[in-house]
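What follows is a short report on a single structure.
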Amino acid sequence: MPLLVMKFGGTSVATLDRIRRAAKRVGREVANGYDVIVIVSAMSGKTNELVGWVNETSPFYDAREYDAVVSSGENVTAGLMALTLQEMDIPARSWQGWQVPLKTTSAHGAARIEEIPTENMMGRFEAGMKVAVVAGFQGISPEGRITTLGRGGSDTTAVAFAAAFGAERCDIYTDVDGVYTTDPRITSKARKLDRIAFEEMLELASLGAKVLQTRSVELAMRYQVKLRVLSSFGESDDQAGTLVCAEEDIMESNVVAGVAYSRDEAKMTLISVADRPGIAAAIFGPLAEGGVNVDMIVQNISEEGRTDMTFSCPVDQVKRAERAMTEARSRGEIEFADLVADTEVAKVSVVGIGMRSHAGVAAQMFKSLRDENINIKVITTSEIKISVLIDRKYMELAVQALHDVFGLDKAA
Ligand code: ASP
Ligand code: MG
């Protein structure tokens with residue numbers, strides 16, 4: 001039997017009625033001749049509520065108990081989905097992560113999947129079961145404790161099952177009808193993409209597009225899982241959504257595929273640090289240990305053996321960064337004259353595999369920002385991406401201008 005993985009996000013299982021609608025979609029694929037593995041999220045808002053309860057009970061919580069609590073939302077929807085399918089006379093049963101067992105590392109709250117044994121579930125399919133409903137986002141550690149895969153982790157559960165079972169496709173049902181050239185709330189000219197390459201999706205996801213968990217895209221790329229993002233709200237059954245696929249499967253594409261943004265960034269500058277071998281290690285080591293996710297880094301030109309070092313990080317980590325740097329200074333590991341934080345910046349990025357073969361994308365981007373009178377504070381580039389840090393108040397203007405200049409409102 002051909003096999004499909006269908007994943008339903010929180011809004012798609014938010015009420016009993018939505019669960020019934022999702023189950024009908026599953027029923028139609030069963031009628032089309034598929035065995036189906038359904039991965040469910042918790043009802044929307046549930047995981048946030050559970051996280052809130054944990055924090056209120058114990059601010060410095062035991063991460064194992066955090067996972068015990070926070071994984072529970074998915075258990076409810078998995079059982080309800082199995083019951084709904086049974087009511088439709090479709091042979092179905094639910095699995096919690098540990099029952100599969102979906103084996104993970106013991107990094108509680110951010111565990112990585114190590115192995116998904118398939119024999120047991122395959123045996124059930126062979127014995128006539130049509131749908132296996134699996135609670136997303138959760139697994140079991142080598143120590144036998146419940147783990148979770150990080151927020152948004154059900155996407156990763158879905159892709160991992162698709163890879164392990166060699167599914168024909170992995171359909172991610174969500175509240176938008178696909179992947180857009182940029183956030184439609186920022187410009188009404190945003191356009192749904194028919195296809196996007198794994199690499200582009202990976203950049204967009206890690207740059208702040210919320211539609212898929214970054215690790216799910218990583219996994220899909222590694223195992224060449226065909227991923228489709230589509231809406232569970234559309235009435236029609238033949239909606240195409242967006243296919244996330246290998247570059248070779250895309251005939252024609254724009255040089256730039258999308259514009260991403262991240263609103264809550266901060267730019268930090270250490271003034272007058274010694275320009276000597278090991279200085280970067282002395283700065284970024286303590287930042288990493290202090291839990292600061294450093295993104296862009298610029299070392300300025302040095303004069304008389306002193307230099308300024310600039311980096312960016314999420315704005316809610318500024319306090320941690322300041323603490324890590326002051327402590328490193330009091331331990332005598334670094335010296336600096338001042339640490340200046342600019343907490344009013346945002347990052348805007350353009351992404352596209354076409355950049356590999358087209359020169360001039362950066363120049364065009366900078367010119368377009370100049371025309372809007374937007375000052376660029378930091379620039380970083382990779383093979384398929386250019387990111388700039390700008391004043392947050394110009395972020396939307398920048399996204400709109402770049403969307404226009406790269407012609408993203410029109411298909412290639
Ligand atoms: N329910 C979890 C979350 O909200 C996992 C998921 O939905 O993907 O992060
Ligand atoms: Mg999600």
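Remember, it's 1-based here, ligands and their atoms both numbered in the order they're listed. Computation of the quantities below employed the complete heavy-atom set of this structure, encompassing side-chain atoms and omitting hydrogens, waters and symmetry-equivalent molecules. Here the structure is a predicted model, which means the values were calculated and not measured.
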Exercise. With P286, which of M325, R323, E327 fulfils side-chain contact (heavy atoms from CB on, under 4.5 Å)?
Worked result: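 Option passing the side-chain contact (heavy atoms from CB on, under 4.5 Å) with P286: M325.
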Exercise. S154 and E74: side chain to side chain contact (heavy atoms under 4.5 Å, CB included), yes or no, with the steps?
Worked result: CA-CA 9 Å; S154 302; E74 273 73 9; 3.8 Å; yes
For this session: Classify the ring geometry between Y66 and Y61 as parallel (under 30°), tilted (30 to 60°) or perpendicular (over 60°).
Result: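 Parallel, since the angle between the ring planes stays under 30°.
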For this session: Would you mind listing every ring-ring contact (aromatic ring centres under 6.0 Å, His included) that reaches into residues 85-125, with sequence neighbours excluded?
Result: none
Problem set entry | ring pair (Phe, Tyr, Trp, His ring centres under 6.0 Å) partners for F406, two or more places apart | none
For this session: Report the residues that fulfil side chain to side chain contact (heavy atoms under 4.5 Å, CB included) with K319, sequence neighbours left out, ordered by chain and then residue number.
Result: E322
Extract all N/O-N/O pairs under 3.5 Å that connect ligand 1 to the protein, and present each with both atom names and the distance rounded to 0.1 Å.
| from | atom 1 | to | atom 2 | distance (Å) |
| --- | --- | --- | --- | --- |
| ligand 1 | 1 (N) | T47 | OG1 | 2.8 |
| ligand 1 | 1 (N) | E74 | OE2 | 2.6 |
| ligand 1 | 4 (O) | T47 | OG1 | 3.4 |
| ligand 1 | 4 (O) | R151 | NH2 | 2.9 |
| ligand 1 | 7 (O) | S41 | OG | 2.8 |
| ligand 1 | 8 (O) | G152 | O | 3.4 |
| ligand 1 | 8 (O) | G153 | N | 3.3 |
| ligand 1 | 8 (O) | S154 | N | 3.0 |
| ligand 1 | 8 (O) | S154 | OG | 3.0 |
| ligand 1 | 9 (O) | R151 | NE | 2.7 |
| ligand 1 | 9 (O) | R151 | NH2 | 3.4 |
| ligand 1 | 9 (O) | G152 | N | 2.8 |

